[in-house]
Amino acid sequence: MSQRRLLVTSALPYVNADIHLGYMVEAIQTDIWVRFQRLRGALCVYVCADDTHGTATMIRARREGRTEEELIAEVHVAHEADLRDFDISLDNFGSTHSAECRSLCGEIWSRIREVGLVKSDRVRQLYDAEEGIFLADRFVRGTCPKCGAQDQPGDNCSKCGCTYSPAELVDPRSTLSGTVPEPRDADHLFIELEQFHEFLENWTQGSGALQDETANYLRGHFLGPPDQPEPLRDWDVSRPAPYFGFEIPDAPGNYWYVWFDAPIGYMASTQQWCDKHGENFDDWWRSDDCEIHHFIGKDITYFHTLFWPGMLSAAGFTLPAKVHVHGFLTIDGEKMSKSKGTYVKARAYLNHLNPAYLRYYYASKLSNRIDDFDLSLNEFVTKVNTDLVGKFVNLASRSAKFVAEIGLSAVYPEDGGLFAAAAATGDEIAEAYESCDTGRAMRLIMALADRANPFVEENKPWELRKDSERLSELQDVCTIALNLFRQLAIYLAPVLPRVAEQTGELLNSPITHWDQAKVPLTGTPVAKFRHMLKRVEEKDVRTMIEESREDTGDQGRGEGDDCRGETGDADPWNDSGDALAAEPLAPECNFDEFLKVDLRVARVVAAEHVSGARKLLKLRLSLGGGQYRQVFAGIKAAYEPDELVGRLVVCVANLTPRQMKFGLSEGMVVASGPGGSEVFVLSPDEGAVPGQRVH
RNA sequence: GGUCCGGUAGCUCAGUUGGUUAGAGCAGGGGACUCAUAAUCCCUUGGUCGGGGGUUCGAGUCCCUCCCGGACUACCA
């Protein structure tokens with residue numbers, strides 16, 4: 001049988017953010033799969049790269065007063081170190097800002113042109129004259145054209161939920177300069193994706209490259225049912241200057257959109273690896289003998305399952321054999337949050353904890369489905385300590401030292417079928433790994449560990465060693481225990497590469513192939529036992545969380561640093577500038593303008609869930625004296641109705657009433673925060689009474 | 001609102017094509033052991049498998065319906 005050839009990728013981390021535990025889900029899932037394939041004898045090349053292009057990079061570099069290249073170089077070192085220290089076995093970690101990438105972009109682009117997929121169209125976008133750039137949706141905020149809610153994002157309103165283009169905003173404002181942007185036209189280049197409709201229908205639904213859930217999602221949201229397909233929208237792939245990226249050769253002054261070159265970064269990284277190893281690029285990207293596997297998060301599904309196969313197909317490259325989509329990580333049941341300390345950077349984890357723990361925990365939680373999964377910190381501690389230390393490593397720990405001087409028996413002794421049974425389970429475990437159902441693989445492996453420990457218990461090596469007549473019996477018992485341990489180490493090698501290595505050293509026989517689990521090891525010397533894994537200390541987990549809470553970070557959004565140097569020396573709190581940066585100050589208003597807004601203290605006298613509403617609570621506010629207001633407030637994710645009843649809040653009492661889907665809303669409850677579960681309703685200090693105006 | 005995925009012991013989940021008294025790990029209770037990283041082993045408590053209908057000799061497993069949770073998406077089917 002010829003050797004299986006695999007090219008595997010993880011999605012590209014963006015240069016503007018540090019690597020965090022959410023991204024590590026993907027890196028670890030991919031790495032486990034890659035290591036498994038290599039252990040099975042496949043020729044498996046694993047590449048990734050930094051995603052570097054786009055407006056955000058440009059702006060951040062500008063803010064930090066340096067070139068994009070300097071920024072990229074610095075982040076590249078940090079990202080690579082994070083991944084390496086988590087034992088991610090990348091063959092090459094490249095960059096989309098590389099010569100190889102530029103050249104491949106050009107090659108693919110010219111083919112897409114040749115096939116007649118590109119068209120040009122005028123696009124009206126908001127332009128920030130002060131910064132001199134066109135503004136992506138997220139860099140514009142303003143008043144919702146439908147409901148009048150102020151300071152809404154550029155693409156949709158968080159109050160009424162309607163969607164619009166940034167140009168439709170009333171009173172739009174650039175989040176970069178705070179100035180009023182002006183609409184400007186520019187020519188953009190589009191790829192007519194609809195030309196691929198039939199191809200994509202077949203590929204997504206029939207090729208087996210996608211999980212069923214993904215195939216359904218694409219049909220439901222983009223392709224439409226086969227009998228009445230929906231046209232795919234043209235894909236805008238160019239951006240006018242200035243834009244940090246590659247200039248399009250046949251359209252000077254225009255640059256490829258970051259999502260055009262990002263997946264090409266996979267190829268560019270492969271090219272770099274090929275050049276270093278004397279390999280031929282086409283053997284990996286233009287060969288029926290090579291399977292291409294992409295691992296991605298669910299947020300970027302359609303880039304990888306519609307645009308990307310379209311591009312590949314047009315340019316004559318191999319289509320992905322599989323696109324493995326995984327869900328998101330929550331920590332203790334919640335989305336990662338900086339204020340709660342659950343936005344944990346990879347480096348913060350590494351400063352306190354062993355990567356093996358997280359690799360095992362993720363492995364035990366991941367399946368081949370797209371479900372989100374939770375990193376419960378308590379479960380993390382008990383699972384790692386019970387499974388890895390108590391069951392698995394303990395097997396070696398309690399038997400190796402008895403045979404340190406005599407080594408393993410020359411012939412594998414009778415063990416009641418334990419080794420054979422575990423060997424026979426190997427295929428099932430391999431299937432689970434192959435299909436990315438590592439949770440199942442871990443369960444199967446731990447079930448084997450559960451059978452191995454009673455064996456040691458029953459045969460009591462600690463008693464045998466007291467009797468010099470029974471030395472060979474002792475050796476046999478330990479030979480069995482250590483072989484059962486070694487089987488587990490082989491099965492766990494994709495997840496715990498360091499332990500596999502240590503096992504090889506302990507038993508003087510390196511673990512190099514999955515099938516080693518089928519044949520018992522005999523007659524080798526046994527080295528002095530050394531601890532393979534420490535138990536997780538709960539305090540280390542706590543420290544990591546504490547540290548992440550404090551470390552509000554100066555990275556992330558790219559537009560975060562303009563408040564630097566403004567802090568006075570006498571401010572011991574040293575609050576972060578993130579919140580202010582996320583939402584810059586509104587333009588000045590005079591006192592009369594301020595007086596237009598009538599803020600009043602009000603008491604919540606009733607609060608209830610609204611059937612069918614995702615974000616809203618229905619509140620009844622009392623202004624005193626029998627004056628009531630019905631208000632729908634978007635605070636459902638942050639507050640339970642019961643905890644609000646009786647509270648004093650501040651409401652906008654003279655806001656034009658608005659007819660909402662669930663009834664009339666006669667005001668607003670004042671709150672701060674970015675939204676979602678992070679909403680903080682304001683309360684007056686004690687002594688305030690309903691009806692009082694806020695001046 | 002639409003689409004999809006779930007709802008099995010306190011917690012995390014297994015339950016293959018419907019087939020005997022529904023399982024594991026953790027946690028809880030009791031005991032044993034002391035080789036081992038306060039590890040291990042044995043025994044044990046605990047579930048009208050979300051509710052209700054139906055198909056069947058037989059349903060956690062199939063069908064219908066409702067309730068709840070989540071993800072995606074949105075007023076456009």
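Just so it is clear: chains get the letters A, B, ... in the order the sequence lines come, proteins before strands, and each one is counted from 1. Below, all heavy atoms of this structure are taken into account, side chains as well, without hydrogens, waters or symmetry copies.
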Pairs: protein N or O with nucleotides 11-13 of chain B N or O, under 3.5 Å:
unit_1 : atom_1 : unit_2 : atom_2 : d
B:U12  : O3'    : A:K365 : NZ     : 3.3
B:U12  : O2'    : A:K365 : NZ     : 3.1

For this session: Applying ring-ring contact (aromatic ring centres under 6.0 Å, His included), run through A:F295 and A:W33 and close with a yes or a no.
Result: CA-CA 10 Å; A:F295 285 78; A:W33 199 79; 5.7 Å; yes
How many Å lie between [atom1] on [X] and [atom2] on [N], as a whole number?
| X | N | atom1 | atom2 | value |
| --- | --- | --- | --- | --- |
| A:M446 | B:G23 | CE | P | 24 Å |
| A:E213 | B:G6 | CD | C1' | 11 Å |
| A:R233 | B:U73 | CZ | P | 12 Å |
| A:E463 | B:A32 | CD | P | 16 Å |
| A:N453 | B:C42 | CG | P | 9 Å |
| A:H221 | B:C4 | NE2 | P | 10 Å |
| A:K534 | B:A38 | NZ | P | 13 Å |
| A:N385 | B:G25 | CG | C1' | 15 Å |

For this session: Carefully, step by step, assess A:K383 and A:Y357 under the rule side chain to side chain contact (heavy atoms under 4.5 Å, CB included).
Result: CA-CA 9 Å; A:K383 205 170 184 63; A:Y357 305 155; over 6 Å; no
For this session: Please determine if a side-chain N or O atom of A:R535 lies less than 4.0 Å away from the OP1 or OP2 oxygen of B:A38.
Result: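 Result: no.
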Just compare [options] and give me whichever is closest to any side-chain atom of [X].
| X | options | result |
| --- | --- | --- |
| A:S397 | B:A71, B:U37, B:U40 | B:U37 |
| A:Y217 | B:C5, B:U40, B:C72 | B:C72 |
| A:K298 | B:U73, B:C26, B:A71 | B:A71 |
| A:D372 | B:A71, B:C4, B:G6 | B:A71 |

For this session: Using a 3.5 Å limit on both pairing distances, list the dot-bracket string of RNA chain B from the 5' end; Watson-Crick and G-U wobble pairs count, crossing pairs take [ ], interstrand pairs take |.
Result: (((((((..((((.....[...)))).(((((.......))))).....(((((..]....))))))))))))....
Problem set entry | Parallel, tilted or perpendicular: rings of A:Y302 and A:F307 (30°, 60°) |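 Taking A:Y302 first and then A:F307, their aromatic rings stand perpendicular (interplane angle over 60°).
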For this session: Evaluate the ring planes of A:F36 and A:Y433, with Trp represented by its six-membered ring, and classify them as parallel (under 30°), tilted (30 to 60°) or perpendicular (over 60°).
Result: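 Parallel.
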Problem set entry | Flag side-chain contact, heavy atom, 4.5 Å: A:L232 against A:Q195 |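 No. Closest side-chain heavy atoms not under 4.5 Å.
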Exercise. Side chains of A:V631 and A:M668: does their closest heavy-atom pair fall under 4.5 Å?
Worked result: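 No - every pair of side-chain heavy atoms lies 4.5 Å or more apart.
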Problem set entry | Pairing of A:K365 and A:E379 as salt bridge, 4.0 angstrom limit |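 Judged by the 4.0 Å cut-off on N to carboxylate O distance, A:K365 and A:E379 do form a salt bridge.
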For this session: Among A:D31, A:N354, A:T438, find the one that has a side-chain hydrogen bond (donor to acceptor under 3.5 Å, both in side chains) with A:R359.
Result: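 Only one option passes, and that is A:D31.
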Exercise. Which of these, A:E26, A:Q29, A:K298, A:R369, sits in a side-chain hydrogen bond (donor to acceptor under 3.5 Å, both in side chains) with A:H326?
Worked result: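 When side-chain hydrogen bond (donor to acceptor under 3.5 Å, both in side chains) is applied between A:H326 and each of A:E26, A:Q29, A:K298, A:R369, only A:E26 qualifies.
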For this session: Have a look at A:E230 and say if it touches a base, only the backbone sugar-phosphate, or nothing, with a 4.0 Å heavy-atom cut-off.
Result: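 Contact class for A:E230: base.
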